[in-house]
Amino acid sequence: MFSKILIANRGEIACRIIQTAHRMGIRCVAVYSDADANAHHVAMADEAFHIGPAPSSESYLRGEKIIEVAKQSGAQAIHPGYGFLSENTDFAEACEANNLVFIGPPSSAIAAMGSKSAAKAIMEKAGVPLVPGYHGDDQSPETLRAEAEKCGFPLLLKAVAGGGGKGMRVVENIGEFDDALAAARREAKNAFGNPDMLIERYLTQPRHVEIQVFCDQSGKGVYLAERDCSVQRRHQKVLEEAPAPGLSEETRKAMGEAAVKAAQAINYVGAGTVEFLYDVDGSFFFMEMNTRLQVEHPVTEMVTGQDLVEWQLKVAWGEPLPLEQSQVKTRGHALEARIYAEDPDQDFLPATGNLRYLNTPDESAHVRVDTGVIEGDDISIHYDPMIAKLIVWDETRDQAINRMVQALEHYRIAGVKTNIRFLHALADSQPFREADLTTGFIDSHRELLFPKSKLDIHKALVLAAGFVLEERKSTEVISTDPWSPFGRRNSWRLNSEYAQPLQLQVGDDIHELKILERDDNYQVFVNGSVYGLTVKLDDDYLQAVINGHRISIHGNLHNDRLVLFYEGDTFQCTLYRENYVSEDMAADGGLNAPMNGAIVAVQARVGDAVTAGQTLVIMEAMKMEHAIKAPADGVVSGIFFSEGEQVSEGAELIAIEVADENTEEAG
Ligand code: MV4
């Protein structure tokens, strides 16, 4: 077996490969760009080489540089992961030329799948089912038009050089054909430098079902079940699962055998994936072959109990496949969700930022997290914004979905926008639970996937208040001057019956809360409602009881930004003003009623000099007394109510001229 390999990749897949290699006793060499000097994959590796600036083109795509450091390090093989150089024939050849084993297929097999029409010709010869259509060399408009009529409508024009959904065009009838062809050719020429087209019957409700195949160097091949990756967005996979729901044993076997034939037709070696379009009637058609280990390989690992990276290393070393076809068994159901730094509310715009708070679900036999980042890391503009893959397993699909929903609730991130809420809604949706899977799933269920917040705004604000108050208590600085409202962050707490105002900004709305504290219970006044609240904050874990409803949530308060996590959803707000009383009320000398109530006592007269913290007015509301105290030293300049009067929330009770030079106008 290899004793040292180089991993020509970054992020979660580099970490994933290092993990298995280390378990097998293999040393690992990492490579890194400027942006990744402190990355997790570098820390995990036994040694690492800097290969250039942040942009991929100047670092992770520099084949010669990577080969140079591989030789320098004494590595015997290079694992390319996925993306970057993994399907680059020149790189695979350069490895071979430099006596380095490329942990992947021979470059000829990569090349064979580079052209869609050539791939189809190979698959046709090998007896792999193809979507009816035309993939010939004659690209004259007359021939294509005649082939289109033979094929029937609707049909799909696909760029021969395309991939991943680029350069495709649906044509509904022959009248549209000439214009559509001209446009598709122009697009393909611009995008790929090759205007050639193939024609296929257009399947309107297909599923994406792919087979994991493995071949060893002796030409033996096996399939390791299938994955359903129908839930995609703009040709990006979102949720993947194994096995494919509803696939019959006969179809699974036929598809698996077709996939192995496909791989053997191109003398494949190592891990590969044969993608099929699976139609409602149970028929399936070859779509593409991916000549790499795929992002979603963990769902296959979970149901087969095999480590595909270990298989890759063994096969690359020249060992036979670890299992015969008859020994490949699957058990239960696995799901994978791709957690991305992106904003579903802004058309999934990639997001960047610092992962200032990051909690991953506990890993177990049921939950696996493949990630390359830790709390405090940045998600930069330079690379794919995938934060992690969350993989779950259970005996049945239904149970696996429950696991996924729960694990997503335990995946908490603050600092970077993510798709977690979207994934949660998706996994928990009725159509997904019913396995109503087609490639149009996301587009046809938009209303379910962007749900309204589950947390009532008032309750959310009350929880936010509880979090802020408790967090301040835990970090409070004891002032040497107990009467100074400015000497401590939460001066109001001394005045146990003073109503503490708290302004929370949610979006563009500013919510004014008033909070009373007595004996560790709070009363929170929000928009005319009052909530009894008790809270206990343990680091980021808030246990709250609101009017007898116990809610336990997590949160993160960072400077003035608070994020609460609730059932896969987040509630975000900003502390609008740190100290409403001292900065606002004191400045204009007004003291207002914190709620509707009655004046019990007025303990000052106009003209009195008062000191900060001195009780001026006592109010009664909700059967509790509340002292209204001077926020600062000053002179009482007005009293607007007398004992026994009813006042409404916000009414100005008393005015003070604050003894503060800063409030006087300069000359
Ligand atoms: C198709 C198809 C329907 N009919 N071919 C999209 C990506 C590319 N690899 C092939 N794709 C498709 N080919 C025929 N004849 C529908 C798609 C397709 C699709 C396939 C798999 C997963 C998601 C998809 C989303 C839109 C379209």
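Start at 1 and go down the list; that is how both ligands and their atoms are numbered. Note that the structure is predicted; figures quoted are calculated from it, not measured.
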Are any protein N/O atoms closer than 3.5 Å to the N/O atoms of ligand 1? If there are, list each pair with names and the distance to one decimal place.
residue	atom	partner	partner atom	Å
ligand 1	4 (N)	Leu203	N	3.0
ligand 1	5 (N)	Lys158	NZ	3.1
ligand 1	5 (N)	Glu200	OE1	3.4
ligand 1	9 (N)	Glu288	OE2	2.7
ligand 1	13 (N)	Lys158	NZ	3.1
ligand 1	15 (N)	Glu200	OE1	2.8
ligand 1	15 (N)	Arg201	O	2.7

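A tilted orientation is assigned to the rings of Phe450 and Phe422, their planes being inclined by 30° to 60°.
With Phe432 as the aromatic partner, Arg397 meets the cation-pi criteria of under 6.0 angstrom to the ring centre and within 45 degrees of the ring axis. Phe348 does not carry Arg234 over the face of its six-membered ring by the limits of under 6.0 Å from the centre and within 45° of the normal.
Remark: Glu200 engages Lys120 in a salt bridge, criterion side-chain N to carboxylate O under 4.0 Å.
The side-chain hydrogen bond (donor to acceptor under 3.5 Å, both in side chains) test with Lys220 singles out one residue from Gln264, Glu324, Gln325, and that residue is Glu324.
Between the side chains of Asp216 and Ser218, at least one donor-acceptor pair of N or O atoms lies under 3.5 Å.
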